[in-house]
There are 2 protein chains.
Amino acid sequence: MKNKSEDYQKMIKTYLEHNSCPVAATMSVIGGKWKSIILYLISHDVKRFGEMHRMIDGISKKMLTSQLRELEADKIIHRKVFPVVPPKVEYTITERGLSLRPLIIAMREWGLENVLKIRHYT
Amino acid sequence: MKNKSEDYQKMIKTYLEHNSCPVAATMSVIGGKWKSIILYLISHDVKRFGEMHRMIDGISKKMLTSQLRELEADKIIHRKVFPVVPPKVEYTITERGLSLRPLIIAMREWGLENVLKIRHYT
DNA sequence: CTGAATCCTTTATGATACTG
DNA sequence: CAGTATCATAAAGGATTCAG
């Protein structure tokens, strides 16, 4: 209990004094509307832009672009441009991106155990 | 590898056919702008509305209300109203809410290890 | 004290057309 | 093919006021 309390105190301290929460930080990396599925697709194998655009139902090119750029900025994925005509761009997952796998899996488990039981997603 | 591939196939199937992803589902529960800190505060001990409003710097009463209502709808927290004047309302964490702890902690760890190193939060 | 109601501003996302 | 640019709409969030 001592540990847990100290942990809590440190967290609140971080929150309240520096207003920078590690949890929120992580959320800002993986919390985008389409980021989890993009991560899931890319973590399996290399993907091209159009390929993902076709696979992810309902996403616009604009959104796909912005989500990819954010993931790239956070060094979760890598964007490789081939100087060919027509253009070819490949997205791959980085080491840092791979380190998110346990988290994604844990969220998936929790979702299966909890949310999908009490809610409807269309 | 077989397992992982099947896992992936199932996930993509879920995503693409039913458009209901367990990861996104979990995200919809804990991904709100202020939910992680609310959870963290409440998981420590019972909190009243005004108490949280004072502790969470920058949150409006409107936002606090809506975030609390969403957490309540997802059965993560419980809202207990005392029929007194002036009004008194206590928020407590539920069993389901407690089951989120490992997830929150994992996100916190990842954030500390990764995001806080490469970004600035103000 | 714990909100609800209203109005307003900002941000996010969509649709469409265009380009190297 | 892989985007960008532009315009339009929707959703999120803030400020303020009111009420039991």
Quickly work out the [X] [atom1] to [N] [atom2] distance and round it to whole Å.
X	N	atom1	atom2	value
A:K35	C:dA12	NZ	P	11 Å
A:Q67	C:dT13	CD	C1'	10 Å
B:E72	C:dT2	CD	P	15 Å
B:F82	C:dT2	CZ	P	11 Å
B:K80	C:dC1	NZ	C1'	18 Å
B:M63	C:dA5	CE	P	17 Å
A:K33	C:dT11	NZ	C1'	13 Å

So, [X] side chain and [Y] main chain: donor-acceptor pair closer than 3.5 Å or not?
X	Y	value
B:H53	B:I59	yes
A:T94	A:K75	yes
B:E72	B:R69	no

*Is it true that A:L41 and A:V46 fall in one hydrophobic cluster, defined by side-chain heavy atoms closer than 4.5 Å?*
no

*Out of curiosity, does A:V85 fall in the hydrophobic cluster containing A:V89 (side-chain heavy atoms, cut-off under 4.5 Å, transitive links)?*
no

*Toward the 5' end of DNA chain C, which comes first, A:S66 or A:P86, by nearest nucleotide?*
A:S66

*asked:* Side chains of A:L103 and B:M107, heavy atoms from C-beta outward: is any pair under 4.5 Å?
replied: yes

*End-to-end axis angle, where each axis spans five pairs of the helix from C:dC1-D:dG20 to C:dG20-D:dC1, to 10°*: 50°

Return the polar atom pairs (N/O with N/O) between nucleotides 2-6 of chain D and the protein under 3.5 Å, or none.
{"from": "D:dA2", "atom 1": "OP1", "to": "A:R48", "atom 2": "NE", "distance (Å)": "2.8"}
{"from": "D:dA2", "atom 1": "OP1", "to": "A:R48", "atom 2": "NH2", "distance (Å)": "2.8"}
{"from": "D:dA2", "atom 1": "OP1", "to": "A:V89", "atom 2": "N", "distance (Å)": "3.4"}
{"from": "D:dA2", "atom 1": "OP2", "to": "A:G50", "atom 2": "N", "distance (Å)": "2.9"}
{"from": "D:dG3", "atom 1": "OP1", "to": "A:R69", "atom 2": "NH2", "distance (Å)": "2.9"}
{"from": "D:dG3", "atom 1": "OP1", "to": "A:R79", "atom 2": "NE", "distance (Å)": "3.3"}
{"from": "D:dG3", "atom 1": "OP1", "to": "A:R79", "atom 2": "NH2", "distance (Å)": "2.4"}
{"from": "D:dG3", "atom 1": "OP2", "to": "A:Y91", "atom 2": "OH", "distance (Å)": "2.7"}
{"from": "D:dG3", "atom 1": "N7", "to": "A:K61", "atom 2": "NZ", "distance (Å)": "3.1"}
{"from": "D:dG3", "atom 1": "O6", "to": "A:K61", "atom 2": "NZ", "distance (Å)": "2.7"}
{"from": "D:dT4", "atom 1": "OP1", "to": "A:R69", "atom 2": "NH1", "distance (Å)": "3.0"}

*How is the hydrophobic cluster of B:V84 composed, in terms of its other members, when Ile, Leu, Val, Met, Phe, Trp and Tyr link through side-chain heavy atoms under 4.5 Å apart, directly or indirectly?*
B:F82

*Of all heavy-atom pairs between A:Q67 and A:K33, which one has the smallest distance, and what is that distance?*
OE1-N, 3.5 Å

*Apply the side-chain contact (heavy atoms from CB on, under 4.5 Å) test between A:H78 and each candidate in A:I42, A:L71, A:I93, A:T92; give the one that qualifies.*
A:T92

